[in-house]
Amino acid sequence: MVQRAIASRLVPSSPQQALLDVRGLEVSFSGLKVVDGLDLTLMPGEVRVLIGANGAGKTTTMDLISGKTKPTGGTILFKGRNITHLPPHEIARAGIGRKFQIPSVFKDLTVTENMQVALCCSPSVFANLRQCLQRKDQERISTILHQVGLSHLSREPACNLSHGQTQWLEIGMVLAQSPDLVLLDEPTAGMTVQETRKTAEIINALRGKHTILVVEHDMTFVRDICHIITVMHQGRKLAEGTIEAIESNPEVLEVYLGSGGVIHA
Amino acid sequence: MNLLRIRRFMLSPYTLLSAAILIVPLFVVDPFWINRLGLYLVFSILALSMALCWGQAGILSLGHGAFFGLGAYCMAMSLKLLSPDSLNQGTPFPLPDFITWNTPPGEALKLPWLWVPFQNLGFGMAAALLVPALFAAVVGWFVFYGGVSGVFISIITLALVVILNLVVIDQQPITNGFNGLNNLAPFDLAGVVFDPYGLPAYYLIAGICVLLLLGLRWLGSTRAGLLFRAVQADEQRVQYFGYDVAVYKIFAFSLSALIAGLAGLLFVVNSQYASPTIMDVSISIAVVVWTAVGGRQSLIGAVLGALAINGAQNALSESGSLVHVWQLIIGIVFVLVVVFLPRGLAGLGADLWQHLRPQAKAVEAPALVAEAELLSVPVPQNSHQSGQRQS
C-alpha cells in the first residue's frame, strides 16, 4: 500500500518533472559490469539515500552522474536535459554539486578561500580577473559557514581542520555552489556520534531547498534524514521504498543485511 | 587607516625591490655595467614568466627558451631590416645581408614572404609578444584538453624547444642558421633611441620589470589567482565546481609565453642579436633554476633568483681560478636550495622576517581565545586582562 503510493509519486508521467532521471545506466570496467541497468528517478526537493553492500556500485553511480566516469550505456537526464556525456565542469554548471567520499578540500587555502573557489558565479577566466567578491557573495559565504558551523575558523588554512570540520567545509562548499542536486558520498564517514548528529541537522536544514542524493551506511543517520531509500545490489536497483518497507523486505535482508539484525543496530 | 596602508605599501618587499631596481643607475655609472644589469633584468622578466607558469599555475615548462627566442627573433627581424646594411643592398626594399649571400648568382634578390611584414617595427614588436602567446595557446590547447599533466608537460615543452631550435638552424635561407641575426639597428621608438649601453634602455627594461612585478602580484590577488592556487592544490576537484581547468591553464601558459616573448624583445634591445643559442635547452633549464633558487611561489624570489644566479655566474666565470668549475658551483647551489630550501631564497627571507618580527606572535592570541570559547573552556580572564593592560 505504502509502496504503491510512493511508486505513483515516482512515475515520470506525473505532472511534476523529475529533476534527475537515470535510465538503464551501465558501466563496465574491463568486462565487469559495476553498474548494470540502473534506473533512478529523483523528484525536486527529495532527499534520497542510496544504500548497498560494498561494491554494489553506489559511488560509481555518483561518478557517472557527476561526469567523473563515462557510462558505457544508458542515459542521465537532468531537468530534462541529457547530460550523459558532458565533461564534469559542464555537469557542475548544469546544477549538480558533489561531496566526495574522501573529503576533498583545498588544503593550502583558508576556509574562506575554499568557499570563494566554490562560489562559482562566473567560471570564465577573464571574468575572474577581479580583485574581490561582491558584498552579497561575502554575506552568502558567511551565512553558509554559519550554517555548517565553521564561522570561527574562516581564516584557518583548511589543512588545520579536524576530519569532521573538513567534511562540513566540503558540504559548505557544495552549498556555495548552489546546485539543484547535491550528491553526498558518505558524508558521515569517520565522524563521531555527535558529529554525525550535527551533519544530519545540516542536511535536514537543506531539505526542500536542494534535492539531495546521499550514499550512506550509518542507518541511524539514514533514519534521521530521509524517507525513501534505494537499495543497490551488484549494480542494479534491488528495492526502493520507505525505511519500514526496506527493513521488512526479505530480499534486502537476504542480500544486504545478512543476519537481518544489522539494520536495527 | 590610510596612513597605515600607505606605510605598509611603502615598506612592502615589492616596493623596496622596485625602488632598488629603479635607483641602481645612481650608483652605477659604467655603461658596461648598465648594460649588464639590464641583461640581468631581462632574465628577471623571463624568470617572472616562469613564476607565473610554474609557481602560480603549477605548469613546469622546460621550453620557455622557445618563447623567449621567438620574441627575440621577431624583434630582431624588424631591427635587422632597419639596419643600414639591409637598407644598402642595392634593392628597392630592405634586404638582410645574409639573404644576398645565400641567393645563388643570377637569381633575383627578393625578400622572403615571412620577412615582408617585419619591415614595420610596430608589427615586429607586436609579433614578439603575440607569436609566442599564440604558439603557447595552440600547444596548450592540445596539451591541457588532451589531459596531459605533470612531468609529461615538461617533456613535451622540452621537446618543443629542441624542435624549434633545429628548425631555426635548419632554415638557414631565412633565419641565417647558427649565426642568427646580428648587426641590428638600434631600437628607435618615436624618436627615442635606446642605446643598449645608455640609461633609456636600462629604464625601459627596469620599468617593464617593475610593472610586471606589480601586475603579476595583482593577478595573484584576483579570483583567477585564487583558482590557480586551487588548481595546484587539487586539479580534479576544481572541475566539480564548474570551472574548465584547461582554460585556466591555457590562459596562464599563454600569458607566461607572452611575457617570455617580451623578455626576448628586450633581450634584443639590450644585446642586439638573436641566435639559436638563446632559444635552446640550456636557457630553458636555466630559467627554471633561477626561479627555483629564488622561490617559485614568490615573484620577488624569481627576480632575485635571476639576479643572484646571473651575478654569481658572471663573477665565477670571470675569475681565473674558477673559470672551469663555475657551472659545477651553480649546479651545487641549485641542488642545495632544492633539498634544503624548497621555497627558495624568498622562503628563507619570509621565515627570517617572521622570526625577527616581535608582533608576529601577538596575532595568534585572538585565535586562541576564539578556539577556547568554542570549546567552552573558560578563558583565563585574569591573564587576558593583564595582557591587555600590558599592551
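Every chain is numbered from 1 and lettered A, B, ... according to where its sequence line falls, protein lines coming before strand lines.
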request  = To the nearest 0.5 angstrom, please state how far the CD atom of A:Glu113 sits from the CG atom of B:Leu226.
outcome  =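 Answer for the CD-CG pair, A:Glu113 versus B:Leu226, is 5.5 Å.
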
message = Within this structure, what is the CZ-CG distance for the pair B:Arg223 and A:Leu119, rounded to the nearest 0.5 Å?
response =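 These two atoms lie 6.5 Å from each other.
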
ask   = Is the CZ atom of B:Phe142 crowded by more than 12 outside heavy atoms at less than 6.0 Å?
value =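 Not more than 12 within 6.0 Å, no.
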
query = How about A:His163: does its NE2 atom have over 12 heavy atoms from other parts shown lying under 6.0 Å from it?
reply =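 For A:His163, atom NE2 is crowded (more than 12 foreign heavy atoms under 6.0 Å).
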
Are any non-hydrogen side-chain atoms of [X] and [Y] less than 4.5 angstrom apart?
{"X": "A:Leu109", "Y": "B:Arg229", "result": "yes"}
{"X": "A:Phe106", "Y": "B:Arg237", "result": "yes"}
{"X": "B:Tyr243", "Y": "A:Val117", "result": "yes"}
{"X": "B:Leu227", "Y": "A:Gln116", "result": "no"}

ask   = Which heavy-atom pair separates B:Tyr240 from A:Ala92 by the least distance, and what is that distance?
value =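 Reported closest heavy-atom pair: O-CB, 3.4 Å.
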
ask   = Picking from A:Glu90, A:Met173, A:Arg155, which has the most non-hydrogen pairs under 4.5 angstrom with chain B?
value =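 The option with the most such pairs is A:Met173.
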
ask   = Where does B:Val245 contact chain A at under 4.5 Å (heavy atoms): side chain, backbone, both or neither?
value =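 For B:Val245, no heavy atom lies under 4.5 Å from chain A.
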
